[in-house]
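Each ligand, and each atom within it, is numbered from 1 in the order the structure gives. What you see is a predicted model, and the numbers here were worked out from it, not measured in a lab.
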Amino acid sequence: MKKNLVALSLFVGLTLLALPSGCYYDNEEDLYGPVLLNCDTTNIRFGVEIKQIFEQNCNACHTTSGSSYSLIPFETHAQIEAVAKNGKLLNRINSQSAPMPQTGLMSLCNRAKIEAWVRTGALDN
Ligand code: HEC
């Protein structure tokens with residue numbers, strides 16, 4: 001009986017040792033979604049990249065003279081910084097159910113640029 005137990009634990013021990021230890025591996029694409037090719041998210045400036053994205057995708061509505069939404073104008077840094085810091089900006093540009101712009105999500109690159117700007121402090125740079 002004791003002999004069997006020794007044999008069994010020896011067997012289990014050896015089996016565990018023999019198992020490959022590297023079963024888990026990371027893959028950038030699995031972890032972060034499709035890799036962004038040709039999308040430079042370093043040194044994103046409010047006055048340049050962010051302003052341009054907003055002009056092209058948001059201002060038609062989010063300005064005081066905008067077609068459908070004058071209550072949340074995005075005309076100054078302070079106005080955009082407010083939604084950047086309360087979480088609504090990233091929430092809505094990545095939302096499947098209530099996307100901004102309403103017509104559908106922007107390109108991954110535009111969204112990555114806004115995310116980079118928010119994560120580095122939503123500066124007025
Ligand atoms: C076609 C008009 C239109 C466009 C284009 C548009 N929005 Fe909006 N947005 C609205 C309207 C209307 C609301 C208010 C209703 C709602 O929350 O869905 C809103 C609400 C929001 C809110 C929530 C604000 C709050 O305080 O609750 C955010 C954030 C936002 N938009 C960001 C954006 C961004 C960023 C873009 C461009 C990438 C954009 N929107 C483009 C019309 C638009």
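With a 4.5 Å cut-off on side-chain heavy atoms, Met106 and Ile114 count as touching. Side-chain contact check for Cys58 versus Met100: every heavy-atom pair is 4.5 Å or farther apart. With a 4.5 Å cut-off on side-chain heavy atoms, Ile80 and Phe54 count as touching.
Looking only at distances, a side-chain donor or acceptor of Glu75 sits under 3.5 Å from a matching main-chain atom of Thr64. The backbone N or O of Val48 lies less than 3.5 Å from no partner atom in the side chain of Gln52, so there is not a single donor-acceptor pair.
With respect to atom 19 (C) of ligand 1, the closest heavy atom belonging to the protein is Met100 CE, 3.3 Å. The nearest protein atom to atom 35 (C) of ligand 1, hydrogens excluded, is given as Leu89 CD1, 3.5 Å; this is a heavy-atom distance. Given atom 26 (O) of ligand 1, the protein heavy atom at minimum distance is Lys88 NZ, 3.2 Å. Among all protein heavy atoms, the one lying closest to atom 37 (C) of ligand 1 is Cys58 SG, 1.9 Å. With respect to atom 2 (C) of ligand 1, the closest heavy atom belonging to the protein is Cys61 SG, 1.8 Å.
For atom 31 (N) of ligand 1, the nearest non-hydrogen atom from the set Met106, Arg92, Gln56, His62 belongs to His62.
The shortest N/O to N/O separation between Gln102 and ligand 1 does not fall below 3.5 Å. Considering backbone and side-chain atoms alike, Asn57 places every N or O at 3.5 Å or more from each N or O of ligand 1.
Evaluated for a side chain to side chain donor-acceptor pair (under 3.5 Å) with Glu115, the options Thr41, Asn94, Thr120 yield exactly one hit, Asn94.
In this structure, Val118 is a member of the same hydrophobic cluster as Ile72, with clusters built from ILVMFWY side-chain heavy atoms closer than 4.5 Å.
Distances from atom 15 (C) of ligand 1 to the protein include no heavy-atom value under 4.0 Å.
At a 4.0 Å heavy-atom cut-off, ligand 1 touches Ile93 through the side chain alone.
In this structure, Phe74 and His62 have parallel ring planes: the angle between them is below the 30° cut-off, well short of the 60° mark.
Taking every non-hydrogen atom of Ile72 and a distance limit under 4.0 Å, the qualifying atoms of ligand 1 come out as 24 (C), 25 (C), 26 (O).
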